[in-house]
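Quick caveat, the model's predicted, so the values are computed rather than measured. Convention: sequence-line order gives letters A, B, ...; per-chain numbering from 1.
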Number of protein chains: 2
Amino acid sequence: MKTHTIAIVDDHRLFAQSLEALISSFGNYEIAFYAGNGKEFINSLKEYGKNPDIVLLDINMPVMNGIETMAWIKENKPELKTIALSMDDSEETIIKMLREGAKGYLLKDIHPDVFKKAITDVIEKGFYYSDNITNALLDSIDKKEKDDSIKLKEREVEFLKLACTEKTYKEIAGIMFLSPKTIDGYREALFDKLDVRSRIGLVLYAIKNKFIEV
Amino acid sequence: MKTHTIAIVDDHRLFAQSLEALISSFGNYEIAFYAGNGKEFINSLKEYGKNPDIVLLDINMPVMNGIETMAWIKENKPELKTIALSMDDSEETIIKMLREGAKGYLLKDIHPDVFKKAITDVIEKGFYYSDNITNALLDSIDKKEKDDSIKLKEREVEFLKLACTEKTYKEIAGIMFLSPKTIDGYREALFDKLDVRSRIGLVLYAIKNKFIEV
DNA sequence: AGTAAAATGGGGAATTTTACCCTTTCCAGG
DNA sequence: CCTGGAAAGGGTAAAATTCCCCATTTTACT
């Protein structure tokens, strides 16, 4: 069985080197090199002289992140087989990476067996897509369409932010120079738009969508 | 040289198992077991029968996070030597972990050599503190003593998390198998402890203090 | 065993939130 | 000018939250 080479690009040194130990234990793989970010990777690639068979690419890195790196690869080394690795499973990110040509996407909480399968799949079949990913993609289709159509007006945003405080609606009405009844109207409109059933839902939505800081 | 046992508590399975491979390569350590969160850890601990020499404890985990787990350890197994592991180096978090009795704190981007030294230090000297930590500690000296003495009990935390959903108190009572009146008692106790005047205040507190993810 | 402190639950009431039905006012485009 | 739709406001009632009393049972510790 031929030995394949793998490059690891991840700023978490402990993780990268642990991963190396794990991969070594698989037997027929060896680490070509690893790099702490995209820039380092590009340099190491030149030094290394030939292409590694697989590149494991973290998304969140300082200096040059996974998405930028993926773009560089697409431009300069499109034949490189890259698997994206991340804890962050926001669909946005996955989509971006796949669009830039990643051959696979893995979350760091997967089982090592899945990890091994992903590597061999990419080498043998050229790609690996986990169920999570397809699910995430499907999820994102309707969620995005829902989310996108949600447009909050200026005054609604103002209300939303105040709803994320300990003030009562009556107090909020005072602050916004509106009748409590009008506030109630805003509340209902938002409940409807955001598909929530309580003020707690408003707060959670506001935080998720970064209307307020915590 | 005696072989020491290590337990790994981290929801990132790939990382945990990679770490196992790395630790094995050190020679004189072996993995007792690993767990995906605090609850799993507590169960595994009972199953395992004796204490591992070291516990590597991630902070951000689902179900029961590192801080809650550390609190449990302090309460029930204070003799356990725990090293906190996290990418998140907010001083708040570090302080909390150390106050709960962690013997060391490591960021995941450290060099494996440092990691090894931390483990041996904790076993041999009983503790390991990196420069980062001492800095964080110094920083925090003036900043603290406000929400410091706040101690939430297990059941209160459970309630707090549920209060951060769109469920009504009656529904929460059902989930926790308690009377709505008891839930009301927890609510009042928390309002008092956390100095808030509405359920929104609970949610904000829970998020600030990482009892829930958003 | 004795006691204090938690944990659990209850009554009752004021306030707030939520829901669903409406009317009035205002303003821009035909 | 008039008109349709958005913004603002109203009435009412049920449900949920919040607050202050209190009693019983369990648990923990001396």
Side-chain angles (χ1 to χ4, degrees), chain A residues 149-208 211-212, chain B residues 39 42 46 64 68 71-79 100-101 149-208 211-212:
Chain A
S149 59
I150 296 179
K151 282 274 177 295
L152 299 194
K153 297 165 209 172
E154 214 172 304
R155 206 74 171 144
E156 284 177 335
V157 172
E158 207 178 319
F159 163 72
L160 178 59
K161 287 179 179 174
L162 286 166
C164 296
T165 69
E166 290 197 273
K167 297 181 198 322
T168 67
Y169 288 135
K170 207 199 296 184
E171 288 168 334
I172 293 176
I175 293 170
M176 290 180 70
F177 298 105
L178 292 172
S179 142
K181 272 306 181 181
T182 309
I183 290 299
D184 196 47
Y186 280 103
R187 184 193 55 74
E188 282 215 54
L190 278 190
F191 273 32
D192 211 43
K193 275 192 192 181
L194 309 182
D195 194 30
V196 301
R197 48 184 281 244
S198 79
R199 192 167 162 181
I200 304 294
L202 290 186
V203 176
L204 297 177
Y205 177 90
I207 291 168
K208 275 197 200 93
F211 284 98
I212 60 166
Chain B
K39 276 263 177 292
I42 294 171
K46 285 172 193 156
M64 183 173 182
E68 299 170 75
W72 183 90
I73 290 174
K74 189 186 189 182
E75 186 69 27
N76 302 82
K77 290 270 182 185
E79 71 278 12
E100 297 292 352
S149 50
I150 297 179
K151 266 274 168 297
L152 299 194
K153 301 170 214 189
E154 208 177 305
R155 206 75 170 142
E156 284 177 337
V157 172
E158 208 178 319
F159 163 72
L160 177 59
K161 287 181 178 174
L162 285 167
C164 297
T165 69
E166 289 198 274
K167 298 183 198 318
T168 67
Y169 289 136
K170 208 198 297 182
E171 289 167 334
I172 294 175
I175 292 170
M176 291 181 68
F177 296 106
L178 291 173
S179 142
K181 273 305 184 180
T182 309
I183 290 299
D184 196 47
Y186 280 104
R187 186 195 53 72
E188 281 213 57
L190 277 189
F191 274 30
D192 210 43
K193 275 192 192 181
L194 308 182
D195 193 29
V196 301
R197 47 184 280 245
S198 78
R199 190 167 164 180
I200 305 294
L202 290 186
V203 176
L204 298 176
Y205 177 89
I207 291 168
K208 273 198 210 63
F211 285 97
I212 61 165

[X] side chain near [Y] side chain, heavy-atom distance below 4.5 Å:
X: Glu156(B); Y: Leu160(B); answer: no
X: Thr165(B); Y: Ile212(B); answer: no
X: Arg197(B); Y: Thr168(A); answer: yes
X: Arg155(B); Y: Phe159(B); answer: no
X: Tyr186(A); Y: Leu190(A); answer: no

Length of the line joining [X]:[atom1] and [N]:[atom2], which is rounded to integer Å:
X: Lys170(A); N: dT16(C); atom1: NZ; atom2: C1'; value: 9 Å
X: Phe159(B); N: dA6(C); atom1: CZ; atom2: P; value: 19 Å
X: Ile172(A); N: dA8(D); atom1: CD1; atom2: P; value: 15 Å
X: Arg187(A); N: dA15(D); atom1: CZ; atom2: C1'; value: 12 Å
X: Glu171(A); N: dT18(D); atom1: CD; atom2: P; value: 13 Å
X: Asp184(B); N: dA23(D); atom1: CG; atom2: C1'; value: 16 Å
X: Ile183(B); N: dC19(D); atom1: CD1; atom2: P; value: 16 Å
X: Lys193(A); N: dA6(D); atom1: NZ; atom2: P; value: 10 Å

Please tell me if [X] has a side-chain N or O lying less than 4.0 Å from either OP1 or OP2 of [N].
X: Thr182(B); N: dG9(C); value: yes
X: Tyr169(B); N: dA15(D); value: no
X: Lys153(B); N: dA7(C); value: yes

Self-check item: Glu156(B) or Pro180(B), whichever maps to the more 5' nucleotide of DNA chain C
Solution: Glu156(B)

Tell me which nucleotide among [options] gets nearest to the side chain of [X].
X: Leu178(B); options: dG9(C), dT16(C), dC20(D); answer: dG9(C)
X: Tyr186(A); options: dA19(C), dC20(D), dA7(D); answer: dA7(D)
X: Ser179(B); options: dC20(C), dT18(D), dG9(C); answer: dG9(C)

Quiz item: In this structure, are over 12 heavy atoms from other groups packed under 6.0 Å from Lys161(B) atom NZ?
Solution: yes

Exercise. Work out which heavy atom in Cys164(B) is nearest to a heavy atom in Leu204(A); give both atom names and the distance.
Key: O-CD1, 3.4 Å

Self-check item: Donor-acceptor pair present, Lys181(A) side chain and dT17(C) base, under 3.5 Å
Solution: no

Practice problem: Pull out every residue in residues 160-168 of chain B that has a heavy atom closer than 4.0 Å to any atom of DNA chain C, ordered by number, or say none. | Solution: none

Quiz prompt | Sugar-phosphate, base or nothing in reach of Arg199(A), heavy atoms under 4.0 Å | solution = sugar-phosphate

